[in-house]
Amino acid sequence: MAPLLLICCWLRLASEVLAQAAFDPLLYVDPLIGASDGGNVFPGASLPYGMAKAVADTNSSSNQGGFTLDGSVVTGFSSMHDSGTGGSPSLGNFALFPYTNCPGGDIDQCDFPKKTRARFGSFVNSSVSAKPGTFGITLNTRIRAEMTTTQHASIFKFTFPSVGLDGQSAQPLILQDLTDLADSRQDNGTVSVDAATGRITGSARFLPSFGGGNFVLYFCTDFSGADILDNGIFVNSRASSGIKNLTISRSINGYPLPGGAFVRFKSAANPILVRTATSFISIGQACAHGETEIPKFDFAAVSNAATEIWQKKMSPIKVSTKGVNDSMVINFYSGIYRTMINPQNYTGENPLWASDEPYFDSFYCIWDLFRSQLPFLTIVDPITVTEMVRSLIDTYRHVGWLPDCRMSLNKGYTQGGSNADNVLADVYLKGIRDGIDWNDGYAAVVKDAEVEPYDWCCEGRGGLDSWKSLGYIPVQDFDYKGFGTMTRSVSRTLEYSYNDFCIAQIAGGLGKTADQEKYLDSSGNWKNLYKADQNSTWWNGTDTGFVGFFEPRFLNKTWGFQNPLNCSNLDSFSVCSLQNSGRETFESSIWEYGFFVPHDQAALMTLYGGPEAFVRRLNYLHDKNITYIGNEPAFLTVFQYHYAGRPALSAKRSHFYIPSFFSPTPSGLPGNDDSGAMGSFVAFAMMGLFPNPGQDVYLITPPFFESVNITHPLTGKTAIIRSINFDSAYQNIYIQSATLNGAAYTRNWIDHSFFTQGKELVLALGRNESSWGTHVEDLPPSLGQYVGFNRTYSSKWMVGASGTRNYKGEFGMLGHK
Ligand SMILES: *[C@@H]1O[C@H](CO)[C@@H](O)[C@H](O)[C@H]1NC(C)=O
Ligand SMILES: *[C@@H]1O[C@H](CO)[C@@H](O)[C@H](O)[C@H]1NC(C)=O
Ligand SMILES: *[C@@H]1O[C@H](CO)[C@@H](O)[C@H](O)[C@H]1NC(C)=O
Ligand SMILES: *[C@@H]1O[C@H](CO)[C@@H](O)[C@H](O)[C@H]1NC(C)=O
Ligand SMILES: *[C@@H]1O[C@H](CO)[C@@H](O)[C@H](O)[C@H]1NC(C)=O
Ligand SMILES: *[C@@H]1O[C@H](CO)[C@@H](O)[C@H](O)[C@H]1NC(C)=O
Ligand SMILES: *[C@@H]1O[C@H](CO)[C@@H](O)[C@H](O)[C@H]1NC(C)=O
Ligand SMILES: *[C@@H]1O[C@H](CO)[C@@H](O)[C@H](O)[C@H]1NC(C)=O
Ligand SMILES: *[C@@H]1O[C@H](CO)[C@@H](O)[C@H](O)[C@H]1NC(C)=O
Ligand SMILES: *[C@@H]1O[C@H](CO)[C@@H](O)[C@H](O)[C@H]1NC(C)=O
Ligand SMILES: *[C@@H]1O[C@H](CO)[C@@H](O)[C@H](O)[C@H]1NC(C)=O
Ligand SMILES: *[C@@H]1O[C@H](CO)[C@@H](O)[C@H](O)[C@H]1NC(C)=O
């Protein structure tokens, strides 16, 4: 593909030139991965977690991330985005659009509305350039647009041809539109243009993309580079330089009436620089962001600063590229890059409550993020994760509950359990303490478990009375206390069970023993939906041969029925999302949810008939395409072979999915990136450690590189994974033996102290499965006893105040006992 070619050549040239220089991971980042075919990534310019995200927006029906490479055309250049999301497009506010001139010098001959100006938005793929912090594109009108950002401000550089399409000399016009990607603008947007300076300011109310409520966003835009000819406002297809202020209705036909402002310039001798900044607080704050963050309109300085910030953020992980196909390295570092686009740091930009705590937004959604994205950031960017968790807890303080999903200052829809509990437990167990009020953090997770919100669409849990009295969420529950979509009874039961386990872990760490026992007890509720005699047949009548599945259960304890294959990847007829006609599992089948007992794989395996039967069932899940790696519940199933003493099969499965389902091309992602969740899956899998999130456990597989060095940003210690007999053709992907800091190591998992203390794990690889990591004492922790192995062994581990090492000044913990 043309744009990729461009990047590859740039990369190759750069890597030759820099052969001996310091390793620069940015040379391997391609932001355009996932920019077509539903990846929905934001491929534009942003700082890590930046609020300003500048890119060219297209009119694709898959423009959730703004830009797409799918033959769609550019409709504008806007400064706020989300990345990888599904649902309706998010943000994309206050687009700019450039013309070299208006035919005959008549402003009314320029096309103002988004729909009609799109005819001037075509471009060729090879004109697109994208690298961390900077994005560029040339429209077929021969206008080159480049953009880069600071935390809250964007700067666009428009370079115009000397003559316009009508052959007249250039008198560039740049318009700014009171619009967003989803056309969600509400009543009474306003815009003003200052006659003397051309400064455009304004605000409007918009809707969040996957939640209720609305939000107001303010902006401030300044120009540099050419003398102003005139300026004014436009409404629909007509403009006037005589009018400088506009307040505009949403209109009565359901589509926001186009409206905005424009500035026209006397010449195009030099590029015109446009600085646009936004704020959720006020126009004044937006202008201040622009003035302080980009005082001199120095495009190169902003772009270089962005490059440096990204280099620093990406610097903790270095891999040996020796012998490995560049496409693997690009896959890896681009995945890492995408984990740091969202959530976004809106600290100082929250109009909803006054607080000194950080405020992060665009948790989109935690059902996706808890599994590997936030655990990944806990390793490479614990400082930011600390702020994110403080923000989640502060949201609980002021809104009443932890969110499951949150965007654009609003509550988003909850998909399953109260999965922020898992995030807090993961971070707690990995020893992060600084600045986090764990008493409030604990109160927040307990509230999820104990207090049902009146409206559990967007926080907490539903059905708590039944949960407590029956030990499961019944299908067709009777709940007169709180209201939400009454579906997903099976997946909610499984997720609530795990949420309670996560709460128990924090309780243990805080020395709340009675609570720990209580939540451990309810973490076993998943067993109540296990129907031992349930079989599973395909729609064509073929029996899968497996018996024993989770099934819906009524209030009176009798069983309901859902075909265990419904909502699987191969089911094209069931309704499986948040619709009120949805099924009892969310976006996933009973087959796949059948493995979601992350805390008690041992007991689950026993129910399934022991380790061999468990492996057969996992193989069937993957081999028959019941699961799909493009949705997050699939992630852990790739590595769950470890629990059956078959770590080799996890390694094999990981190579089955990468690169087949993840390739470094615009169409290379298996569906939405989900805010970097897919990126984090690639990063962890290729690094050779995969987390069981909510536990201090990483499952070991051989990295896709001969060595991986991970330097902890707080302790400064470097953890090293090194392979002996590494083979870049990936024949030798089976661990034969291992050492940790020089001593023999047979466990197939490792804990977080590996990273904080900078240990060295050396893996000897071979072509065949070995006995490494297969013995019962090598298996990862599980609440229940492993049986069916040659000898039973309880690896019961629990965080207990007594079993923990002291936390002071030390990351890592904890009593595995
Ligand atoms: C540009 O790339 C996209 C996706 O990679 C493709 O669909 C489109 O056809 C390409 N356009 C051209 C003109 O090659
Ligand atoms: C995008 O704009 C182009 C040019 O006006 C138009 O041909 C195309 O139909 C538009 N696509 C959509 C999905 O609106
Ligand atoms: C918009 O402004 C009009 C005129 O001032 C006012 O009547 C109306 O209530 C406003 N609408 C909203 C939603 O504020
Ligand atoms: C136009 O808007 C500007 C900035 O908001 C304001 O200072 C000015 O008074 C307004 N002019 C009119 C005529 O409303
Ligand atoms: C990892 O660190 C070791 C020890 O400092 C060093 O020898 C090795 O070159 C590093 N590997 C990479 C890929 O940077
Ligand atoms: C590297 O990977 C790409 C993409 O999979 C492939 O097309 C190419 O042939 C590989 N190169 C080598 C030298 O194996
Ligand atoms: C988040 O933004 C605030 C305000 O801009 C800043 O002080 C803080 O350092 C940022 N946090 C991170 C982790 O970068
Ligand atoms: C599956 O169970 C149903 C209900 O008990 C039964 O009718 C059916 O024969 C079973 N199918 C197989 C293949 O055992
Ligand atoms: C029924 O469908 C399953 C899954 O697609 C397939 O594996 C099996 O071969 C089919 N059986 C028949 C008899 O077509
Ligand atoms: C239990 O409830 C289900 C669903 O309402 C109903 O179909 C079934 O007859 C009930 N069974 C008994 C034994 O009450
Ligand atoms: C599973 O899907 C892959 C492509 O995604 C396809 O090649 C394979 O044939 C499918 N397998 C089955 C059993 O349907
Ligand atoms: C148990 O031990 C026997 C003999 O060493 C071995 O063949 C078998 O694979 C072992 N089974 C398991 C489940 O570890």
Side-chain angles (χ1 to χ4, degrees), residues 1-7 20-25 28 30-41 43 56 58 60-63 67-74 122-128 130 137-140 188-204 218-221 231-233 240 242-248 261 282-284 286-287 314-324 329 332-333 663-669 686-688 703-712 716-723 726 741 758-762:
M1 238 152 282
L4 196 72
L5 248 173
L6 194 86
I7 282 163
Q20 299 306 315
F23 180 76
D24 181 1
Y28 296 98
D30 181 357
L32 292 169
I33 295 173
S36 74
D37 295 75
N40 293 2
V41 301
T58 72
S60 168
S61 56
S62 190
N63 66 354
F67 183 71
T68 54
L69 263 178
D70 57 3
S72 303
V73 302
V74 172
S122 56
F123 61 93
V124 297
N125 287 351
S126 59
S127 80
V128 177
I137 187 170
T138 305
L139 301 182
N140 289 350
N188 294 356
T190 66
V191 65
S192 302
V193 57
D194 183 272
T197 65
R199 168 176 277 191
I200 302 174
T201 55
S203 70
Y218 304 87
F219 71 98
C220 179
T221 298
N231 51 47
I233 60 106
S240 164
I243 310 294
K244 309 292 184 191
N245 292 16
L246 169 71
T247 297
I248 187 168
S282 66
I283 287 173
C287 295
M314 303 276 296
S315 66
I317 300 194
K318 292 189 175 60
V319 298
S320 161
T321 57
K322 201 176 98 193
V324 175
V329 190
F332 179 69
Y333 279 109
S663 63
T665 64
S667 59
L669 294 185
M686 296 185 83
M687 200 167 103
F704 284 52
F705 310 101
E706 184 163 23
S707 70
V708 182
N709 289 10
I710 309 120
T711 302
H712 195 267
K717 302 269 177 58
T718 297
I720 299 179
I721 312 170
R722 197 156 53 78
S723 294
F726 176 76
N741 285 350
K759 299 178 185 175
E760 185 183 33
L761 181 64
V762 179

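Numbering of ligands and ligand atoms starts at 1, following listing order.
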| said: Need the ligand 5 atom indices (1-based, order shown) with element for anything under 4.0 Å from a heavy-atom of Ile720. | reply: 2 (O), 3 (C), 4 (C)
| note | Numbered in order shown, the ligand 5 atoms found under 4.0 Å of a heavy atom of Val319 are 13 (C)
| message | Treating Asn709 as the side-chain partner and Ile720 as the backbone partner, does any N or O pair qualify as donor plus acceptor under 3.5 Å? | response | no
| request: Please could you name the atoms of ligand 1 that Asn125 approaches to less than 4.0 Å, counting only its heavy atoms? | output: 1 (C), 2 (O), 3 (C), 8 (C), 10 (C), 11 (N), 12 (C), 14 (O)
Starting from the N and O atoms of ligand 4, find every protein N or O within less than 3.5 Å and list the pair with its distance.
residue  : atom   : partner : partner atom : Å
ligand 4 : 2 (O)  : Ser192  : OG           : 3.1
ligand 4 : 2 (O)  : Asn245  : OD1          : 3.2
ligand 4 : 2 (O)  : Asn245  : ND2          : 2.4
ligand 4 : 11 (N) : Asn245  : ND2          : 2.7
ligand 4 : 14 (O) : Asn245  : ND2          : 3.1

| For Tyr218, ring pair (Phe, Tyr, Trp, His ring centres under 6.0 Å) partners two or more places apart | none
| query | Quick check: does Asn709 get an N/O under 3.5 Å from an N/O on ligand 5? | reply | yes
| task | Would you please name every residue forming a side-chain hydrogen bond (donor to acceptor under 3.5 Å, both in side chains) with Thr711, sequence neighbours left out? | result | Thr718
| query | If we only count N/O pairs under 3.5 Å, is Asp70 in contact with ligand 1? | reply | no
| said: Please find the pair of heavy atoms, one from Ser62 and one from Gly38, that lie closest to each other, and give the distance. | reply: OG-CA, 3.7 Å
| field | Contact summary for Ser36 and Leu69, nearest pair of heavy atoms | value | CB-O, 3.2 Å
| note | CG of Asn125 to CG of Leu32, rounded to nearest 0.5 Å, is 9.5 Å
| task | Please confirm whether Phe23 and Tyr333 have ring centers closer than 6.0 angstrom. | result | yes
| Pairing residues for Arg722 by the salt bridge (Lys or Arg N to Asp or Glu O under 4.0 Å) criterion, not counting sequence neighbours | Glu760
| field | Side-chain H-bond candidate by donor/acceptor type, Thr68 with Thr58, under 3.5 Å | value | yes
| said: Measuring from non-hydrogen atoms of Thr718 to any atom of ligand 5, is the shortest distance under 4.0 Å? | reply: no
